[in-house]
S.K.: 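Here it is: the structure, laid out below.
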There are 2 protein chains.
Amino acid sequence: MLSFLYTGLMNAPRTARERARAELTKEILTSARRQLGDVGAPGLSLRSVARDLGMASSAVYRYFASRDELLTALLVESYGEIGDAAIAGDLPDAAPEERWLSVWRAVRAWCLANRHEYALLFGTPVPGYAAPHLTTEIAARMPLTLARIVADAKRSVGLRPYTGPVCDPAAIEPAMLDLLADGDFTVEETARLILAWNRLVAVIGYELHGHLKNVTADDALFFEYTARAEGANLGLAFD
Amino acid sequence: MLSFLYTGLMNAPRTARERARAELTKEILTSARRQLGDVGAPGLSLRSVARDLGMASSAVYRYFASRDELLTALLVESYGEIGDAAIAGDLPDAAPEERWLSVWRAVRAWCLANRHEYALLFGTPVPGYAAPHLTTEIAARMPLTLARIVADAKRSVGLRPYTGPVCDPAAIEPAMLDLLADGDFTVEETARLILAWNRLVAVIGYELHGHLKNVTADDALFFEYTARAEGANLGLAFD
DNA sequence: ACAGAAACGAGAGCACTGCTCTTGCGTTGC
DNA sequence: GCAACGCAAGAGCAGTGCTCTCGTTTCTGT
């Protein structure tokens with residue numbers, strides 16, 4: 001499972017064969033990625049990838065054991081990209097509120113430009129599921145970018161006091177608190193961070209899947225409101 | 001498109017042939033629904049439905065023009081069910097807060113028991129999209145149940161004043177305000193209703209798709225917190 | 001340097017899919 | 001009664017994921 005990451009991509013190729021293998025692996029991924037963007041995950045066909053590269057369909061199985069494994073590779077790649085987009089959207093020297101909005105916008109922009117990749121990441125899981133241990137680290141980069149901003153805000157200007165119901169500590173996984181340990185978050189802050197990350201993904205999903213048709217008139221404007229509301233909910237200084 | 005709704009199901013069958021047609025249509029739907037629950041939408045095969053009913057695969061096309069149309073029928077059916085579940089979960093005589101929690105729990109219970117149907121409703125849209133005009137009315141029943149509770153609370157005990165950023169009226173579709181007209185909602189209330197409905201669906205989706213693995217320790221408890229927090233955000237009296 | 005081992009690409013083939021077209025039977029309505 | 005229509009079945013097309021075999025190429029250990 002996921003052997004391609006180790007054999008072809010991560011280790012530096014030494015022999016000519018390994019070199020060719022790494023290159024072809026990359027070409028397969030590139031072609032698959034392009035097809036994913038065109039027809040989406042359900043329409044992605046291993047045979048058409050093979051045709052695109054001028055090789056026999058059976059030869060592709062030397063590089064990816066199944067269609068699901070190929071999709072998983074695209075999933076990992078996409079997780080990396082959305083994490084990159086989030087990090088690139090951050091403005092480390094700006095005020096927390098500006099950083100927050102900028103990251104939200106960056107993530108939305110990536111999702112709108114890569115709707116099939118969004119579906120792969122957050123839509124209905126098509127394959128038998130990706131390897132959790134490998135992907136969670138990459139998948140965490142986007143939400144951690146949000147957490148970092150809140151942590152910085154807490155350290156510098158502080159967070160506004162919370163109102164409303166509080167979260168039962170038993171609801172949160174202790175490992176999650178450890179993951180955010182450097183932010184020194186309370187249970188309540190952690191819960192609200194989870195909800196903010198959930199909201200970011202969800203409101204984009206609604207926009208992408210057409211659930212906001214006849215509901216919102218200006219999706220960008222509504223997204224802006226959502227970002228502010230969710231930031232304020234975490235104690236950022238949005239009015 | 002969607003002709004099955006008119007030919008087979010809604011009009012009372014008069015001749016024996018129409019009677020048989022209506023019955024077979026229902027049997028196809030039942031078998032398809034069972035298969036949907038087993039293997040999910042991507043695995044649902046028209047041929048296996050035909051095998052299940054002991055008929056030729058080509059005969060099914062007399063009743064549903066395509067696999068997508070069959071899926072659309074299941075989509076409509078599921079929208080109806082989740083709406084029913086929401087309405088059945090409401091407690092018209094209870095306090096708004098109790099009603100709110102009860103509906104949230106009822107919707108979650110339905111989704112957990114019908115995860116493939118959830119995927120069909122809120123996951124990645126597989127087919128070429130359902131007919132909007134027919135489905136929106138059915139699809140609105142669940143969110144309207146939430147809206148009704150808030151409207152009743154506003155009329156009786158009133159909603160708590162809002163804090164935080166406000167929503168630009170230009171973001172909301174005027175038709176949406178009309179749809180909620182009997183609730184006499186402001187733009188801000190409407191926006192928060194949309195977000196609450198979005199949250200309900202989204203947090204269940206996270207739970208179903210495994211995104212809360214290693215994040216929450218007790219999904220039911222976290223859901224309870226989410227329901228309260230989202231209700232409080234709308235001005236319901238959760239502490 | 002050479003032989004054995006491992007990796008590789010191509011092709012055929014299996015079981016399956018959605019969907020179409022034709023054929024013939026049965027029912028319906030004039 | 002008969003023409004017209006509804007219907008089920010079968011064959012067939014193009015496509016899919018995946019497996020197996022069969023030569024060929026490349027690498028590696030002696």
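Residue numbering restarts at 1 for every chain, and letters A, B, ... go by the order of the sequence lines. Being a predicted model, the structure only gives us computed values, none of them experimental.
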S.K.: Once you measure the plane-to-plane angle for B:Trp197 and A:His211, does it fall in the parallel (<30°), tilted (30-60°) or perpendicular (>60°) bin?
M.R.: perpendicular
S.K.: To the nearest angstrom, how far is A:Glu23 atom CD from C:dA7 atom P?
M.R.: 20 Å
S.K.: Do nucleotides 16-26 of chain C as a string where each nucleotide becomes B, S or -: B if the base has a protein heavy atom under 4.0 Å, S if just the sugar-phosphate does, - if no protein is that close.
M.R.: -BBBBB----B
S.K.: Show each protein N/O and nucleotides 28-30 of chain D N/O combination with a separation under 3.5 Å, one pair to a line.
M.R.:
none

S.K.: If I take atom CZ in residue A:Phe64 and atom P in nucleotide D:dG17, what distance separates them, rounded to the nearest angstrom?
M.R.: 14 Å
S.K.: Roughly how far apart are B:Arg33 CZ and B:Ile28 CD1, rounded to 0.5 Å?
M.R.: 16.0 Å
S.K.: Roughly, in whole Å, what's the span from CG in A:Leu24 to C1' in C:dA7?
M.R.: 13 Å
S.K.: A side-chain contact here means heavy atoms from C-beta on lying under 4.5 Å apart; do A:Leu144 and A:Leu180 qualify?
M.R.: yes
S.K.: Enter the inter-axis angle for the ends of the helix from C:dA1-D:dT30 to C:dC25-D:dG6 (five pairs per end, rounded to 10°).
M.R.: 0°
S.K.: For the CG atom of A:Leu195 and the OH atom of B:Tyr206, what is their distance to the nearest 0.5 Å?
M.R.: 10.5 Å
S.K.: Could you state the atom-to-atom distance from CZ of B:Arg19 to C1' of C:dT28 in whole Å?
M.R.: 17 Å
S.K.: Working note: A:Gln35 + A:Ser45, criterion side chain to side chain donor-acceptor pair (under 3.5 Å); need CA distance, chi angles, decisive distance, verdict.
M.R.: CA-CA 8 Å; A:Gln35 290 205 19; A:Ser45 144; 5.6 Å; no
S.K.: Is A:Arg105 salt-bridged to A:Glu224, going by a charged N under 4.0 Å from an acidic O?
M.R.: yes
S.K.: Within 45 degrees of the axis of the six-membered ring of B:Tyr79 and under 6.0 Å from its centre: does B:Arg141 put its NZ or CZ there?
M.R.: no
S.K.: By the 4.0 Å heavy-atom rule, please label A:Leu53 as base, sugar-phosphate, or nothing.
M.R.: nothing
S.K.: What distance do B:Trp104 atom CH2 and B:Glu230 atom CD have between them, rounded to the nearest 0.5 Å?
M.R.: 5.0 Å
S.K.: Are any of A:Tyr63's side-chain N or O atoms less than 4.0 Å away from OP1 or OP2 of C:dA7?
M.R.: no
S.K.: One pair to check against side chain to side chain contact (heavy atoms under 4.5 Å, CB included): B:Leu29 and B:Leu70. What are the steps and the verdict?
M.R.: CA-CA 8 Å; B:Leu29 273 177; B:Leu70 179 56; 4.1 Å; yes
S.K.: Would A:Glu207 and A:Lys213 pass as an ion pair if we require N to O under 4.0 Å?
M.R.: no
S.K.: Closer than 4.0 angstrom, basic N to acidic O: yes or no for B:Asp52 and B:Arg34?
M.R.: yes
